[in-house]
Amino acid sequence: MERKVRVRFAPSPTGALHIGGVRTALFNYLFARQHGGDMLLRIEDTDSTRFVPGAEEYITEALAWLGIEIDEGICQDAPNGKGNHGPYRQSERREIYHKYVDQLLASGNAYIAFDTPEQLEAKRAEIANFQYDARTREQMVNSLTLSKEEVDTRIANGEKYVVRFKVEPNIDVHVHDLIRGEVVINSNILDDKVLYKSADDLPTYHLANIVDDHLMEISHVIRGEEWLPSAPLHVLLYKAFGWEESMPEFAHLPLLLKPDGNGKLSKRDGDRLGFPVFPLEFHNQKDGSVSSGYREEGYYPEAVINFLALLGWHATGDQEMYTMQELIEQFSLERVSKSGAKFDYEKGKWFNHQYLQLKSNEELAEQFMPYLEKAIGDGQLAIDKAKVAKVIGLTKDRVNFVSELWEQVNFFFVAPEEYDEKSLKKRWKEDSPKHMTEMLALLEAHEDWSAEGLDNLIMPWIAEKEYGVGIVMNAFRICLVGAARGPHIWNITDVLGKEETLRRVRTALEKLG
RNA sequence: GGUGCUAUCGUCUAGUGGCCUAGGACAACGGCCUCUCACGCCGUAAACCCGGGUUCGAUUCCCGGUAGCACUACCA
């Protein structure tokens with residue numbers, strides 16, 4: 001009970017890291033940090049056929065971006081793993097698994113099977129709901145039905161075989177789950193799982209997972225709910241190895257579900273509904289496809305973390321915004337929900353909005369520069385960063401992403417060439433040219449360009465002439481902005497300056513008459 | 001089909017037998033602010049899956065039903 005908390009995130013390098021996987025990693029991380037324990041990253045690449053180049057680098061890069069730090073195993077600053085429980089890639093642990101497969105074989109907890117995929121297929125077709133288990137293994141081609149000589153001969157001849165776990169029938173297997181409590185399953189529903197395959201000399205997930213968790217001294221296995229059905233098998237494996245005493249605690253996390261309809265959230269849902277399901281953009285080297293990522297969509301890692309943390313976990317109170325540090329302090333497995341959580345992308349945007357407001361104008365200006373340079377082209381003179389920061393300060397509360405800033409600030413940098421039809425229809429009246437002509441004269445003769453100065457000039461004039469503030473100011477706004485939108489008008493004139501402001505009014509008078 | 005898990009507003013959730021005429025957040029809607037569009041603020045609508053039981057009293061405990069999800073590979 002007193003042992004050190006050690007948790008692991010153990011993805012397969014079969015593609016981009018799914019957002020659900022990210023949340024699993026996050027919960028592991030929070031738990032580890034809270035208990036002063038270790039967070040390990042192990043690569044489960046025992047399926048050679050599904051390996052995708054670049055996937056591993058993608059995973060470590062994604063975790064690093066999100067601020068999920070790895071203490072041991074594979075990570076960005078140690079691509080081949082750090083720590084003294086390595087190697088941390090299962091494909092590099094063949095010899096280790098051999099030893100444990102042999103142990104199970106020797107103790108009679110496993111046996112060798114020669115059934116070919118075709119033979120298994122035939123069996124399944126022949127017997128409805130066929131399961132390779134205590135009731136059927138006697139009918140199959142394996143070391144239980146073959147003589148030792150026959151088995152040796154077949155192996156010597158290079159015949160491909162697998163090692164299967166010999167599940168003892170009809171015993172109730174208890175799995176203690178930190179989130180769900182006691183789960184009891186009868187071993188009769190379990191099949192004799194393949195633990196090792198000679199074809200590629202690699203174990204399957206189940207064997208590698210248990211051996212590694214044991215050897216790496218994992219104290220808590222926190223993983224997705226899809227693993228709950230095989231948890232009894234894992235418990236049986238621990239028992240077969242004689243590792244019951246040091247068996248880790250289990251916690252099965254609720255799944256992330258589709259925003260609409262039913263089912264597990266998948267990559268297709270993201271494509272269909274228009275949101276990323278991956279932390280970073282992923283370029284699949286196998287099929288050439290590109291999938292969008294949260295980072296490239298303009299999300300801040302802290303927003304993604306906050307959003308994800310609240311999908312399946314919630315503290316007692318009404319707090320919505322959490323820093324990583326607060327999450328570490330407040331997280332608890334007991335407060336993880338038992339039911340699946342539908343993925344609500346809209347809330348993710350809201351979180352990003354919140355975090356964007358927290359950034360300084362200077363910081364946002366820095367982030368916005370690439371967009372700005374792209375929008376106004378290289379031909380322009382050096383961009384005044386102080387001005388960029390200033391206009392961002394005026395507009396940031398209306399955007400969720402830095403990428404949305406340009407459409408809010410464009411008129412500060414480029415004079416309107418066209419005028420929004422809707423705005424014109426509603427705000428550019430018959431008298432507007434007359435109003436603007438008069439106003440232009442007033443402004444030309446006016447020296448004090450401060451907001452107060454202009455306000456003190458224009459407002460009394462409007463009042464005196466009984467023009468109506470709305471009609472005049474909106475026409476003026478259309479001249480400067482090109483539409484009926486934007487921040488307070490004196491903030492706009494302030495940034496534009498007298499010369500540019502007057503120029504825009506003249507242009508508008510020419511174009512709109 | 002089998003096994004398991006789950007079940008509060010459209011969504012994420014608070015709630016652990018009386019504090020609940022069920023709270024917060026996102027989204028929706030309305031209002032205020034205002035020269036505009038937003039933001040912000042205020043407000044409205046919106047839920048305890050169904051049926052039994054236990055109890056003085058059930059959203060909360062138990063059982064059954066129903067529904068959803070997951071698993072059921074020589075994939076993880």
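By convention in this document, chain letters (A, B, ...) are assigned in the order of the sequence lines, proteins followed by strands, and residues within each chain are numbered from 1. This one's a predicted model, so the numbers in the text were calculated from it and none came from an experiment.
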What's touching nucleotides 73-76 of chain B from the protein side, N or O pairs under 3.5 Å?
residue: C74(B); atom: OP2; partner: R164(A); partner atom: NH2; Å: 3.4
residue: C74(B); atom: N4; partner: D115(A); partner atom: O; Å: 2.5
residue: C75(B); atom: O2'; partner: D47(A); partner atom: OD2; Å: 3.0
residue: C75(B); atom: O2'; partner: R50(A); partner atom: NE; Å: 3.4
residue: C75(B); atom: O2'; partner: R50(A); partner atom: NH2; Å: 3.2
residue: C75(B); atom: O2; partner: R50(A); partner atom: NH2; Å: 3.4
residue: A76(B); atom: OP1; partner: T46(A); partner atom: OG1; Å: 2.7
residue: A76(B); atom: OP2; partner: Y205(A); partner atom: N; Å: 3.1
residue: A76(B); atom: O3'; partner: S12(A); partner atom: OG; Å: 2.8
residue: A76(B); atom: O3'; partner: E44(A); partner atom: OE1; Å: 3.2
residue: A76(B); atom: O2'; partner: S12(A); partner atom: OG; Å: 2.7

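Summarising the geometry, the separation between CG on N306(A) and P on C12(B) is reported as 17 Å, rounded to the nearest angstrom. Nucleotide A70(B) holds its P atom 21 Å from the CG atom of L233(A), rounded to whole Å. Rounding to whole angstrom units, NE2 of residue H252(A) and P of C5(B) are separated by 12 Å. One interatomic measurement links the two molecules: CG of D260(A) to P of C12(B), which rounds to 12 Å at whole-angstrom precision. Distance CG (N188(A)) to P (U72(B)): 18 Å, rounded to an integer number of Å. Atom pair K396(A):NZ and C39(B):P shows a separation of 16 Å (rounding to whole Å applied). For L311(A) and C12(B), the CG to C1' distance is 7 Å, given to the nearest whole Å. Going from atom CG of L405(A) over to atom C1' of A38(B) covers 13 Å, rounded to whole Å.
In this structure, H18(A) and F278(A) have perpendicular ring planes: the angle between them is above 60°, well past the 30° mark. By the 30° and 60° cut-offs, the orientation of the rings of Y467(A) relative to H435(A) is tilted.
Pairing for C26(B) goes to G10(B), judged as Watson-Crick or G-U wobble with the two contacts each under 3.5 Å. Nucleotide C41(B) forms a pair with G31(B), judged by Watson-Crick or G-U wobble geometry with both contacts under 3.5 Å. Summarising the base pairing, U60(B) is matched to no nucleotide, lacking a Watson-Crick or G-U wobble pair whose two defining distances lie under 3.5 Å. Using the Watson-Crick or G-U wobble rule with both distances under 3.5 Å, U55(B) pairs with nothing in any strand shown. Checking C69(B) for Watson-Crick or G-U wobble geometry (two distances, each under 3.5 Å) identifies G4(B) as its partner. Using the Watson-Crick or G-U wobble rule with both distances under 3.5 Å, C20(B) pairs with nothing in any strand shown. Look at U36(B): it lacks any Watson-Crick or wobble partner with both distances under 3.5 angstrom.
The closest donor-acceptor contact from the side chain of K425(A) to the backbone of D420(A) lies at 3.5 Å or more, if one exists at all. Listed for the D45(A) side chain is a donor-acceptor partner under 3.5 Å among the backbone atoms of S91(A). Here the side chain of Q131(A) pairs no donor or acceptor atom with the backbone of D133(A) at under 3.5 angstrom.
To the nearest whole angstrom, the two C1' atoms, one in C74(B) and one in A70(B), are 22 Å apart. Using P as the reference atom, C33(B) and G15(B) are 39 Å apart when rounded to the nearest Å. C5(B) and C61(B) have their P atoms separated by 16 Å, given to the nearest Å. A47(B) and U59(B) have their C1' atoms separated by 10 Å, with the value rounded to a whole Å.
Among the nucleotides G40(B), C71(B), U6(B), the one closest to the side chain of S339(A) is U6(B).
Taking 4.0 Å as the cut-off between side-chain N and carboxylate O, E44(A) and R8(A) do not count as a salt-bridged pair. With respect to the salt-bridge test (charged N to carboxylate O, under 4.0 angstrom), the residues D192(A) and K166(A) do not qualify. Ionic pairing of E121(A) and K123(A) is not present here: no N-O contact between side-chain nitrogen and carboxylate oxygen is shorter than 4.0 angstrom.
With respect to Y355(A), the side-chain contact (heavy atoms from CB on, under 4.5 Å) criterion is satisfied by exactly one of W350(A), Y299(A), Y300(A): Y300(A).
Taking the nucleotide of RNA chain B with the nearest heavy atom to each of V184(A) and L257(A), the more 5' of the two is matched to V184(A).
When the salt bridge (charged side-chain N to carboxylate O under 4.0 Å, His left out) test is applied to R89(A), the partners found at least two apart in sequence or on another chain are E56(A), E92(A).
Here the straight-line distance linking atom CD of E329(A) with atom OH of Y322(A) works out to 11.5 Å at 0.5 Å rounding.
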- Item | Contact pattern, 5' to 3', of nucleotides 23-37 of chain B - B, S or - by protein heavy atom under 4.0 Å | -BBB--------BBB

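Counting non-hydrogen atoms under 4.0 angstrom, T395(A) reaches nothing in the nucleic acid.
At the phosphate of G15(B), OP1 or OP2 sits under 4.0 Å from a side-chain N or O atom of R335(A).
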